[in-house]
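As structure tokens, the structure follows; a few thoughts come after it.
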Amino acid sequence: MRRCIVVIEPGQDPASLVILARTVADFVTVLVVCGEGEHPRVASDADRLVAVAAAGLEVSEVAAAALAGVVRSDGARLVVLASSARLREVVAPLSASLDAASVSDVIALSDVGGVLHADRLLYGGVAVATLALQREVVVLTAPAGRASEVGEPAELVDVELAAPPAKERLARAIVERDVKLPTAERLVSFGRGLKSRDDMQLIEGLAASLGAEIGCSRPIVEDMRWLSVDHQVGLTGTTVTPNLYVAVGISGQIQHLVGMRDSKVIVAINTNPAAPIFSVADLGVVGDLYEVVPRLTSALAARGG
Ligand SMILES: Cc1cc2nc3c(=O)[nH]c(=O)nc-3n(C[C@H](O)[C@H](O)[C@H](O)COP(=O)(O)OP(=O)(O)OC[C@H]3O[C@@H](n4cnc5c(N)ncnc54)[C@H](O)[C@@H]3O)c2cc1C
């Protein structure tokens with residue numbers, strides 16, 4: 001019997017990950033990684049629902065050591081982590097600790113003569129690679145949605161916590177934990193259409209008037225370095241499914257679209273009427289963000305959000 005542990009953060013929906021795991025596993029446990037004192041409720045049809053809740057788990061090395069203990073005592077041979085920025089940081093230390101093979105952004109699994117095969121997107125999503133994973137234990141990431149229903153309380157399990165790491169590492173993790181992209185109900189995301197870092201105040205103003213979190217495209221993180229990777233939406237960032245996604249000055253390349261196209265309502269603001277973002281938008285404004293965003297923000301403020 002192959003056992004699997006699906007790992008999520010509070011507010012993430014394990015449903016698609018459980019379906020993926022069940023294609024190759026007979027017994028699936030959903031495990032929620034929480035902060036101290038939290039006791040999450042999760043809607044899930046997994047065979048077991050557990051949570052680990054302790055201070056320090058926001059640091060990837062500490063979480064990895066705790067998860068490795070749970071995986072060993074469960075006897076799981078497959079660990080599926082929701083593809084959030086935070087859980088992706090756990091993959092490397094967890095795989096090293098379990099001497100496991102690791103694969104990111106998996107879209108399908110199969111069992112071929114006892115060997116686990118994983119399909120993952122390649123070249124930014126234009127091709128699919130199938131990997132035969134020979135190791136006994138496999139750790140992988142796959143996209144998860146946002147939880148919409150309240151479910152059963154998870155059974156709290158004890159974990160052994162590793163020694164706390166350096167102070168700086170801990171401080172960074174706590175600061176970045178404030179970004180709640182995977183669970184945000186509303187998101188205002190911006191891209192290279194924004195000309196300078198100071199202009200981010202336009203985006204912040206719109207986000208504040210909507211009660212939204214701020215997301216961005218990859219160049220804002222990697223080229224401009226204006227925001228941390230926790231804000232990045234897309235293939236190599238976070239997959240989001242908010243009720244409202246406002247894309248400001250984002251062209252909508254496939255690597256961005258795969259991370260946000262399942263949002264309920266998508267609004268795009270772009271000067272280029274041929275920008276691919278309009279192909280997934282429910283509402284499109286062809287216009288200059290420097291004119292449209294301030295007008296939208298004041299209109300929202302006038303009617304109280
Ligand atoms: C392996 C791989 C993984 C990747 N992963 C990701 C990922 O996770 N997330 C991601 O986002 N990208 C990712 N990318 C990058 C992706 O291919 C694009 O390069 C990126 O999404 C483009 O970002 P952008 O839309 O901000 O910039 P651009 O493509 O430069 O688009 C800027 C847009 O702003 C518009 N604009 C300009 N001025 C204005 C104005 N005044 N008002 C309104 N609109 C304006 C333009 O018309 C244009 O459409 C990845 C690429 C690869 C190869």
Side-chain angles (χ1 to χ4, degrees), residues 81-89 91 103-107 119-129 131 141-146 176 179 181-182 184 187-207 212-242 245-263 266-281 283-297:
L81 293 114
S83 178
S84 64
R86 183 148 318 286
L87 289 179
R88 269 204 306 269
E89 280 192 4
V91 171
V103 196
S104 58
D105 300 317
V106 169
I107 53 169
D119 289 353
R120 68 179 298 262
L121 295 175
L122 211 60
Y123 305 127
V126 295
V128 175
L131 308 173
T141 63
R146 189 169 53 91
E176 291 190 355
V179 186
L181 234 56
L187 261 171
V188 175
S189 253
F190 70 99
R192 255 196 306 226
L194 210 68
K195 301 292 174 259
S196 85
R197 189 181 198 140
D198 288 345
D199 299 341
M200 272 172 44
Q201 60 178 338
L202 288 176
I203 305 299
E204 285 160 1
L206 179 58
E213 293 277 329
I214 293 180
C216 65
S217 64
R218 186 163 93 161
I220 300 303
V221 174
E222 294 209 344
D223 304 341
M224 315 299 198
R225 302 196 177 275
W226 293 347
L227 290 175
S228 73
V229 70
D230 281 11
H231 292 267
Q232 183 184 321
V233 173
L235 184 68
T236 44
T238 298
T239 301
V240 297
T241 53
Y245 188 90
V246 185
V248 183
I250 291 178
S251 58
Q253 300 306 314
I254 184 66
Q255 298 86 0
H256 188 82
L257 297 188
V258 294
M260 46 65 73
R261 63 186 166 198
D262 290 334
S263 304
I266 298 172
V267 178
I269 302 168
N270 199 303
T271 42
N272 178 7
I277 192 74
F278 288 124
S279 68
V280 297
L283 200 77
V285 182
V286 178
D288 185 341
L289 73 89
Y290 289 91
E291 288 170 19
V292 178
V293 171
R295 286 172 65 183
L296 188 55
T297 306

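When a ligand or atom number is given, it counts from 1 through the structure's own listing order.
Taking every heavy atom of Gln253 and a limit of under 4.0 angstrom, the matching atoms of ligand 1 come to 16 (C), 17 (O), 18 (C). For ligand 1, the atoms lying closer than 4.0 Å to a non-hydrogen atom of Gly193 are 32 (C), 34 (O), 36 (N), 37 (C), 38 (N), 39 (C), 45 (C). Of all atoms in ligand 1, listed by their number and element, those nearer than 4.0 Å to a heavy atom of Gly237 are 8 (O). Near Ser217, meaning under 4.0 Å from any of its heavy atoms, are these atoms of ligand 1: 11 (O), 23 (O), 24 (P), 26 (O). Proximity to Gly234 (heavy-atom distance under 4.0 Å) selects the following atoms of ligand 1: 7 (C), 8 (O), 9 (N). Taking every heavy atom of Asp288 and a limit of under 4.0 angstrom, the matching atoms of ligand 1 come to 40 (C), 41 (N), 42 (N). Heavy-atom contacts of Gly191 reach the following atoms of ligand 1: 26 (O) (cutoff under 4.0 Å).
The two atoms that bring Met200 and Trp226 nearest to each other are SD-CB, 3.8 Å, heavy atoms only. Looking at every heavy atom in both residues, Tyr245 comes nearest to Ser189 through OH-OG, 2.8 Å. Nearest heavy atoms, Phe190 versus Ile214: CE2-CG2, 4.0 Å.
For a threshold of 3.5 Å applied to N or O pairs, the pair formed by Lys195 and ligand 1 contains at least one separation below that value. The shortest N/O to N/O separation between Val233 and ligand 1 falls below 3.5 Å. Annotation: Leu235 places an N or O atom under 3.5 Å from an N or O atom of ligand 1; distance criterion only. For Gly249, a nitrogen or oxygen atom sits less than 3.5 Å from a nitrogen or oxygen atom of ligand 1, counting backbone and side chain alike.
Residues forming a side-chain contact (heavy atoms from CB on, under 4.5 Å) with Val280 (at least two apart in sequence, or on another chain): Leu257, Met260, Arg261, Ile266, Ile277.
Residues Ser251 and Asn272 are not in side-chain contact: their nearest non-hydrogen atoms beyond the backbone lie 4.5 Å or more apart. Between Ile250 and His256 there is a side-chain heavy-atom pair separated by less than 4.5 Å. Taking the side chain as every heavy atom from C-beta outward, Val233 and Leu181 approach each other to under 4.5 Å.
Of the possible donor and acceptor atoms, one in the side chain of Thr241 sits under 3.5 Å from a partner among the backbone N and O of Arg146.
Ligand 1 lies within reach of Gly287, whose nearest heavy atom is under 4.0 Å from it. A heavy-atom separation below 4.0 Å is found between Pro219 and ligand 1.
For the side chain to side chain contact (heavy atoms under 4.5 Å, CB included) test with Pro242, the passing option among Asp262, Val188, Leu187 is Leu187; the others fail. Exactly one of Val106, Ile254, Val128 qualifies for a side chain to side chain contact (heavy atoms under 4.5 Å, CB included) with Leu121. That residue is Val128.
Across the listed options Leu289, Val229, Asn270, Asn270 owns the non-hydrogen atom lying nearest to atom 49 (O) of ligand 1.
In Arg218, the parts holding a heavy atom less than 4.0 Å from any atom of ligand 1 are both the side chain and the backbone.
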